Amino acid sequence: MAVNAIDQTRRMLSLVTYLRERPGAHVSDVARAFGITEDELISDLDVLPMCGTSFRGGDLLDIDTDGDRIWWHNPDDVAEPLRLAADEATALLVAARAVATLPGLRESDRQALLRATAKLEAAAGEAAGASSRLSVTFESEGGVFADVDRAISERRRLWLRYYSPARDELTEREVDPIRLFAVGHTYMEAWCRLSEARRTFRLDRVAEIKLLDAPAAPPELELRDLSAGLVQPSADDPEVVVEVGPGGRWVAEYYPHDSAEELPDGGLRITLRTPAPASLRRLALRLGRDGRITAPLDLAQNARRAAREALAAYDSDEAQRQD
């Protein structure tokens with residue numbers, strides 16, 4: 001069963017209490033107790049050391065594992081009474097009020113958040129007054145996230161207008177959501193009724209979303225292992241060669257690749273595989289002078305043609321403004 005973001009947060013909060021009471025707990029025992037896989041547990045343990053009682057980077061959870069057992073080295077330090085500075089209290093109150101306004105948030109979670117906010121306001125004293133003069137408005141992705149999260153919890157189908165960069169077009173489709181996850185961006189994994197297959201949708205590419213009354217009924221699927229990243233090329237995928245200058249070396253950090261050969265000018269010749277080579281045309285446009293696709297030849301020519309068309313459109317708009 002897919003786990004939404006709020007359920008995962010609840011699990012991680014419970015995990016902290018569980019580990020405090022069981023020093024040196026075995027990974028297998030903890031995973032079994034929480035009904036998750038060992039890989040999912042390790043993923044949670046990778047996040048917990050970034051959490052703690054201070055926004056300034058101190059008093060973080062010193063939790064690690066050797067793959068067999070889990071050790072928490074500073075439970076007593078983190079368990080000391082929490083004392084919030086004024087800026088920390090203000091940040092918490094502003095964030096809590098913003099989250100409470102999210103559309104699609106379950107009412108029980110909203111009420112629990114409002115109760116916690118009231119207690120924090122009472123403890124913060126004068127700092128609470130400063131926070132009341134600040135507000136946060138979530139961008140559209142926040143609303144999409146809330147609708148997807150609600151659809152997952154209520155097992156309902158979604159209607160989307162979704163932008164596909166590979167085809168440079170908007171499509172309408174109905175999907176049965178399976179789970180939310182984050183790998184750089186936030187994604188929804190779902191069963192797409194248009195293609196009758198599992199698809200992954202990036203939330204910031206959802207142009208419009210509607211929660212439908214129809215029940216979601218995705219087929220029983222084994223969840224993908226994302227420990228190696230969202231894009232996991234196959235040896236059968238087409239090979240693409242991209243040459244980048246020093247300003248484009250970041251490509252080797254963000255794209256899984258077979259090889260990255262140093263070039264005399266400080267750049268790289270990067271060989272990678274992708275099931276959809278045309279999707280790399282946008283990468284070529286983004287690189288500009290910092291890189292180019294050199295193989296396959298048809299993709300290289302397509303990218304150069306797209307660059308010329310984009311430049312011509314820019315020159316035309318600039319001429320019209322000057323007129």
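These numbers come from a predicted model, not from an experiment.
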Minimum heavy-atom distance Leu285-Ala303, with the two atoms named:
CD2-O, 4.3 Å

With sequence neighbours excluded, what pairs up with Glu262 under the salt bridge (charged side-chain N to carboxylate O under 4.0 Å, His left out) test?
Arg249

Minimum heavy-atom separation for Asp66 to Asp68, with atom names?
OD1-N, 2.8 Å

With respect to Ile63, which candidate in Ile70, Asp44, Leu15 satisfies the side-chain contact (heavy atoms from CB on, under 4.5 Å) definition?
Ile70

side-chain hydrogen bond (donor to acceptor under 3.5 Å, both in side chains) filter on Thr37, not counting sequence neighbours, yields Glu40

Drop me the distance from Arg156's CZ to Arg150's CZ, to the nearest 0.5 angstrom.
5.0 Å

Counterpart residues, salt bridge (charged side-chain N to carboxylate O under 4.0 Å, His left out), relative to Glu261 (two or more places apart):
Arg269

Between Pro218 and Ala216, the two heavy atoms sitting closest are CD-C, 3.5 Å

So among Glu172, Glu174, Arg173, which one has a side-chain contact (heavy atoms from CB on, under 4.5 Å) with Leu194?
Arg173

Could you tell me if the side chain of Arg161 sits less than 4.5 Å from the side chain of Thr171, heavy atoms only?
no

Once you round to the nearest 0.5 Å, how far does CG of Asp64 lie from CG of Leu45?
9.0 Å

Could you list the residues that satisfy side-chain hydrogen bond (donor to acceptor under 3.5 Å, both in side chains) with Arg69, not counting sequence neighbours?
none

Test of understanding: clusters of I, L, V, M, F, W, Y form through side-chain heavy atoms closer than 4.5 Å, transitively. Do Val16 and Val47 belong to the same one?
yes

Of all residues at least two apart in sequence or in a different chain, which pass the salt bridge (charged side-chain N to carboxylate O under 4.0 Å, His left out) check with Arg22?
none

Counting C-beta onward and ignoring hydrogens, is there a side-chain heavy-atom pair between Pro296 and Val240 closer than 4.5 Å?
yes

Determine whether Asp258 and Leu272 satisfy the following criterion, side-chain contact (heavy atoms from CB on, under 4.5 Å), listing intermediate values before the conclusion.
CA-CA 5 Å; Asp258 294 339; Leu272 53 85; over 6 Å; no

Any chance you could measure Phe181, atom CZ, to Thr186, atom OG1, to the nearest 0.5 Å?
9.5 Å

Could you check Leu160 against Ile209 for side-chain contact (heavy atoms from CB on, under 4.5 Å), going step by step and ending with a plain yes or no?
CA-CA 5 Å; Leu160 307 176; Ile209 185 170; 3.6 Å; yes

Please, which pairs that meet ring-ring contact (aromatic ring centres under 6.0 Å, His included) have at least one residue in residues 25-47, sequence neighbours excluded?
Tyr18-Phe34

Using side-chain contact (heavy atoms from CB on, under 4.5 Å), reason through Thr65 and Ile42 one step at a time and then give a plain yes or no.
CA-CA 8 Å; Thr65 177; Ile42 296 299; 3.9 Å; yes

How long is the gap from CG on Asp149 to CD on Glu154, to the nearest 0.5 Å?
9.5 Å

Between Val175 and Ala190 the two heavy atoms that sit nearest each other are CB-CB, 3.9 Å

Listed once per pair and sorted, the ring-ring contact (aromatic ring centres under 6.0 Å, His included) pairs that draw on residues 190-220, sequence neighbours left out
Tyr162-Phe201

Val30 side chain reached by Leu41 side chain, heavy atoms, under 4.5 Å
yes

Would you please name every residue forming a side-chain contact (heavy atoms from CB on, under 4.5 Å) with Asn302, sequence neighbours left out?
Arg281, Arg305

Value for OG (Ser43) from CD (Glu38), rounded to nearest 0.5 Å, stands at 13.5 Å

Any Met188 side-chain heavy atom under 4.5 Å of Pro177 side chain:
yes

Would you list the pairs meeting salt bridge (Lys or Arg N to Asp or Glu O under 4.0 Å) in which at least one residue belongs to residues 286-303, sequence neighbours left out?
Glu243-Arg292

Side chains of Leu287 and Val251: does their closest heavy-atom pair fall under 4.5 Å?
yes

Sequence neighbours left out, what pairs pass salt bridge (Lys or Arg N to Asp or Glu O under 4.0 Å) with at least one residue falling in residues 190-202?
Asp176-Arg193, Glu189-Arg198, Arg202-Asp204

For Leu158 and Leu211: C-alpha separation, side-chain torsions, deciding distance, then whether side-chain contact (heavy atoms from CB on, under 4.5 Å) applies.
CA-CA 5 Å; Leu158 288 166; Leu211 198 62; 3.5 Å; yes

Which atoms form the tightest heavy-atom contact between Ala207 and Leu170, and what is the distance?
CB-CD2, 3.9 Å

What pairs with Asp46 under salt bridge (charged side-chain N to carboxylate O under 4.0 Å, His left out), at least two apart in sequence or on another chain?
none

Looking at side-chain heavy atoms only, is the closest gap between Ile293 and Val241 below 4.5 Å?
no

Other than Leu212, what residues sit in its cluster of Ile, Leu, Val, Met, Phe, Trp and Tyr side chains whose heavy atoms are under 4.5 Å apart, directly or through others?
Trp159

Quick one, Ser14 and Thr17 - any side-chain contact, counting heavy atoms below 4.5 Å?
no

